[in-house]
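See below for the structure under consideration.
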Amino acid sequence: MLSKSYDPKSCEDRIYKMWEDAGAFKPEACDPKGEPFTISMPPPNATGQLHLGHAVMLALEDIFIRFNRMRGKRALWVPGTDHAAIATESVVIKLLKKDGMADPRKQLGREKLVARIAEFVEKSKKTIRSQIRKMGSSCDWSRERYTFEPSLNRCVNEVFCKMKNDGLIYRGHRIVNWDPKLQTTVSDDEIVYQERRDPYYTFQYGPFQISTARPETKFGDKYVVMHPDDKRYAKYKHGSTFECEWINGKVRATVIKDPASDPTFGTGVMTITPWHDHVDFALAERHGLEKEQIIDFNGCLLPVAGEFAGMHIEDARPKVVEKLKEKGLLVSVKEDYVHNVAVSQRGHGMIEPQIKLQWFIDVNKEVVPWNEGKRAKGQKAKKQLMSLKQIMHSVIHHGDIQIIPERFNKTYFHWIDNLRDWCISRQIWWGHRIPVFYCPKCAAGNEDPTSDERSAMSGGGLKAQSSKLKAGTIVSVEPIDSCPECNGPLEQDPDTLDTWFSSAMWTWSTLVDPKLTGDASLSLEEILKRSPDYQMFHPTSVMETGYDILFFWVARMILMTTYATGQIPFETVYLHGLIRTRDGRKMSKSDPETMIDPLDMIAKYGADALRLSMIVGQSPGNDSRLYEEKIAGYRNFINKIWNASRFVLMQCEQAGVDPKKMENGKWKIDNLSIADQALLCGIDRLIVDVTKGLEEYRLSDTGDRLYSFVWDFYCDWYLELSKGEANCAVLVHGLRKILQLLHPYCPYVTEELWAQVAAEGSPSLIIAPWPKAGKTPKEFVQAFDQLQVVIDVITSIRSLRAEQNVEAGKKVTVTIHSKKYAKLLESQRSHIERMGHIGTLVIDAKPAKHEKVASAFLKDVEVHLSLEGLFDIGKLKASLQKEQVEMSRYVAGLKGKLGNKSFVDRAPKEVVAAEKAKLAEAEAKLKKVEERMKEIA
RNA sequence: GGGCGGCUAGCUCAGUGGUUAGAGCGUUCGGUUCACAUCCGAAAGGUCGUAGGUUCAAAUCCUAUGCCGCCCACCA
């Protein structure tokens, strides 16, 4: 016999092991004829701990996978972890510093530091793996992958080379976001803006006044820019020069007319610093202006700053102002000027734009063959050469990929419209090394002598930072150490790739056969062709992830996968929202008060309860709040399922039947009570709703449907009605279906109970077939409606008792009049008596007068509760009056509606008929209430 | 500056044109009913942010607007 309450701790790990040992997570356990259903698990960073973001992701994906597995699809969920380049390197460096190492990069050197990080990552992976298991995730561990494993490295190198050959990857001097703290470039998406208040200075610059919050960048400024139509400055001609006194003496400045200058902002005149500003850079490009580096990569001023050289910019700022003031060039200072500064999302350091020789992906070059609109209905595919940007746009626009919720399409398109070339090189050590080698001696392999052509070399060119471009550039999938041409030693590019470069290949690089990637003679195309998993499982079915990484990851997977494989990476994108605290704040590690640790919650309430609490009541793309009472609520529900099963098993035991020997029912209607038939009808309807709901990704809705069916119908009514006259076959049948339908949501408790009630020889629930609704017999549907009448009668009796303060245990006398339902109610007499605590129950078809009773007037049924000894005329009058007022208002409303000619003429017939029926019913009830009022008056 | 989302019961949220708008938690009242107090029964509680409009009919569609939040761009 089951224990009195469900104890998750005693089953979860055992059941998980059972599933895993049985190979149930592998698609090989499914019907080999089933169609594939694939999810690539977004790989958690191989640092630290599982958090609620992971937990919600795992819960959602596990539901998708389990549902489809049970439906007979070949379900594959590929787990893995991410090497998370910058994040991991900075975590480990921080740890080493904490242990007393002042400068780990310097002290350890590249090789040793990378080894240390790898060691840390291995440990961390173990933690993450066990935590993913704790959630009940049914992913195929035999296919676990890691973004930094050799096989994926091969894919990275292959794609890099392919892109380089197609001219989509180029190396050039361009303005990038430099993080002086982490000493690396970061992409546009890795920057956040912070609001700051700083003084805002206006200086005299020759005949003009210019303003800035950053005077320390102004040393090299020698262009003044104004709008071509600005009448105030009409006398200054574009290209004219003048000499003026500036920070370190006289400079010669040139007038530039450009619409980038906003005449309504400040004086309408600005000077520019092309080396350290994206907008100024673009402007300088347009006019072929000189660019000069002012600040070095540590944030200190270069020799151009004269006496300030070597000084950190923060220190230099007030001193520069002081000097200009002494020279009488400071016009005014505005304190507390509000502006935004760019900060590195990862390292939190101030971003300094710099011109630097880096590797980029060209998103605008139209060289990629793509069948546009190949999946769109009624459209002919046309193969054409497109840019990466265009393909990214096309697959969403033409519906090759569907985003849920749809509104994110707009966000996605907007991002693409503003997309610039993607800087992919990083100056950190942890990550995929850029597969480029240089021969310092010869020009071998330098297949692209114009590689720097598109960079910022027009006009005056670079000054302070010379690019040490090697003579020959060789791109290779395999590490090589000597030049194929001159046999001389080669140097590898020291940089690593942006971590998203490799994650962008996640859906397919995890499906290629590692044995093949070890064979250097095979092309990428060949590898894909010969990898059975890739052939079977790609494109994946659903990509489920947080909306916050739509750009970082989802968009880049689309870019990389369509390019590398010619396939979309996934058919559907399901975006979940952020989990927040009860008061809507972001949970943060720095504030442990607000943090909910999923593992603590699992220990306390069980994984099933945690899963439900994160799924039901949330809608895709919207943030949600989580707090312990919510989880406790679903723990109660899980326990309810447990106890319902316990009841069913006890009934079977009492009846001397073994639930495991029970066949799934072919029902003889004669043997079924109204409640039995109603339940069978309810179960059929439930199966239809749940199946449809899960197919349509409406997880919250569907979870709620299951919750209320189990609690409010199966437990509160069906189980109660079966007390004293249990039909074990129907009880067990109903329970089995409920367990099957609930399994995707709460796999542990359902699997544990399944072992008690499933037919002998059935497979584990995880691979049991999904229930199908047959054609529900008419009688069952009718019984469903009849049961509702019985439920209404019992409820009205309970309600009358409570209203009239009848003692809870007291047996009362009740008279029911109903012409229509007398026979039905008579057949349910024992239930009505028991559940209404009735001593004497009279059921009669004819209405009669009653004294000293409280009455309820239902549709076609009158219920009178006798109040001998309790009769309180005042209370009765009050409640009748209240009812009379309510009903009159209701009737008046309906009459008004039906009296409106345009309603009757224009509304659909069914609606009008329904309103008429409502009115008739309401009027009948009102009449009875009024009669009753007269009687007791 | 551009875009998106939210505003529904004390709290957290469902509900995309047609019953008198729902749930969970909380509240009130009553319960040792032999599955479950992680429970059972009953109840109170909302003019669906505001103002217009479309419609026979609006929480739901349109327009404007207020407040809260998010994303993108970024002003020299």
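Here is the naming used below: chain letters follow the sequence lines, and residue numbers restart at 1 for every chain.
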Which comes earlier along RNA chain B counting from the 5' end, the contact point of A/V648 or that of A/S902, where each point is its nearest nucleotide? A/V648
Generate the contact string for nucleotides 10-20 of chain B. Rules: B means base contact, S means sugar-phosphate contact only, - means no protein heavy atom under 4.0 Å. --SSS---BSB
A/E725 atom CD is separated from B/rC34 atom C1', nearest whole Å, by 17 Å
If you draw the axis of the six-membered ring of A/F281, does the NZ or CZ of A/K291 fall within 45° of it and under 6.0 Å from the ring centre? yes
Using salt bridge (Lys or Arg N to Asp or Glu O under 4.0 Å) as the criterion, list what pairs up with A/K257, not counting sequence neighbours. none
Please state the P separation for the pair B/rC4 and B/rU19 - nearest whole angstrom. 31 Å
Below the 4.0 Å mark, does B/rU38 have OP1 or OP2 next to a side-chain nitrogen or oxygen of A/W711? no
Can you tell me how far P of B/rG3 sits from CG of A/D417, to the nearest Å? 14 Å
Got a sec, which residues hit side chain to side chain contact (heavy atoms under 4.5 Å, CB included) with A/E921, two or more places apart in sequence or on another chain? A/K859
Just to verify, what does A/E696 make a side chain to side chain contact (heavy atoms under 4.5 Å, CB included) with, not counting sequence neighbours? A/K692, A/R698
Find the distance A/L575:CG to B/rC4:P and express it as a whole number of Å. 17 Å
Determine: side-chain N/O of A/N636 to OP1/OP2 of B/rC39, distance under 4.0 Å, yes or no. yes
Taken to the nearest whole Å, CG/A/N900 to C1'/B/rU55 is 12 Å
Quick one: label A/K4 by what it contacts on the DNA or RNA (base, sugar-phosphate, nothing), any heavy atom closer than 4.0 Å. sugar-phosphate
My understanding is that only residues two or more places apart in sequence, or in another chain, count here; which of them pass side chain to side chain contact (heavy atoms under 4.5 Å, CB included) with A/D704? A/V616
Cation-pi geometry met for A/K925 and A/F857 (6.0 Å, 45°): no
Integer-rounded Å distance: B/rC36 P and A/R646 CZ: 5 Å
Applying side chain to side chain donor-acceptor pair (under 3.5 Å) to A/R197 and not counting sequence neighbours gives none
Touch class at under 4.0 angstrom, heavy-atom based, for A/E720 against every strand present: base
Counting a pair only when it is Watson-Crick or G-U and both distances are under 3.5 Å, which runs of at least 3 such pairs involve RNA chain B? B:1-7 with B:66-72, B:10-13 with B:22-25, B:27-31 with B:39-43, B:49-53 with B:61-65
Could you name each residue pair satisfying side-chain hydrogen bond (donor to acceptor under 3.5 Å, both in side chains) that touches residues 638-650 of chain A, not counting sequence neighbours? none
A/F551 CZ - B/rC70 C1' separation (whole Å): 11 Å
Atom CG of A/D905 to atom P of B/rU55: distance rounded to whole Å? 16 Å
Distances for protein N or O near nucleotides 73-76 of chain B N or O, under 3.5 Å:
| unit_1 | atom_1 | unit_2 | atom_2 | d |
| --- | --- | --- | --- | --- |
| B/rC74 | N3 | A/N340 | ND2 | 2.9 |
| B/rA76 | OP2 | A/Y337 | OH | 2.2 |
| B/rA76 | N6 | A/D262 | O | 3.0 |
| B/rA76 | N6 | A/F265 | O | 2.8 |
| B/rA76 | N1 | A/D262 | N | 2.9 |

Value in whole Å for how far the P atom of B/rG5 lies from OH of A/Y412: 19 Å
With a cut-off of under 6.0 Å to the ring centre and 45° to the axis, is A/R582 in cation-pi contact with A/Y627? yes
Can you see if the side chain of A/S799 gets near the phosphate of B/rA43 - specifically, an N or O under 4.0 Å from OP1 or OP2? yes
Would you list the pairs meeting side-chain hydrogen bond (donor to acceptor under 3.5 Å, both in side chains) in which at least one residue belongs to residues 406-418 of chain A, sequence neighbours left out? A/D189-A/W415, A/R407-A/N622, A/H414-A/N418
Classify the nucleic acid contact of A/A644 as base, sugar-phosphate or nothing, counting any heavy atom under 4.0 Å across all strands shown. base
For A/Q194, what residues pass the side chain to side chain contact (heavy atoms under 4.5 Å, CB included) criterion, not counting sequence neighbours? A/V341, A/V343
With sequence neighbours left out, the residues meeting side chain to side chain donor-acceptor pair (under 3.5 Å) with A/E803 are none
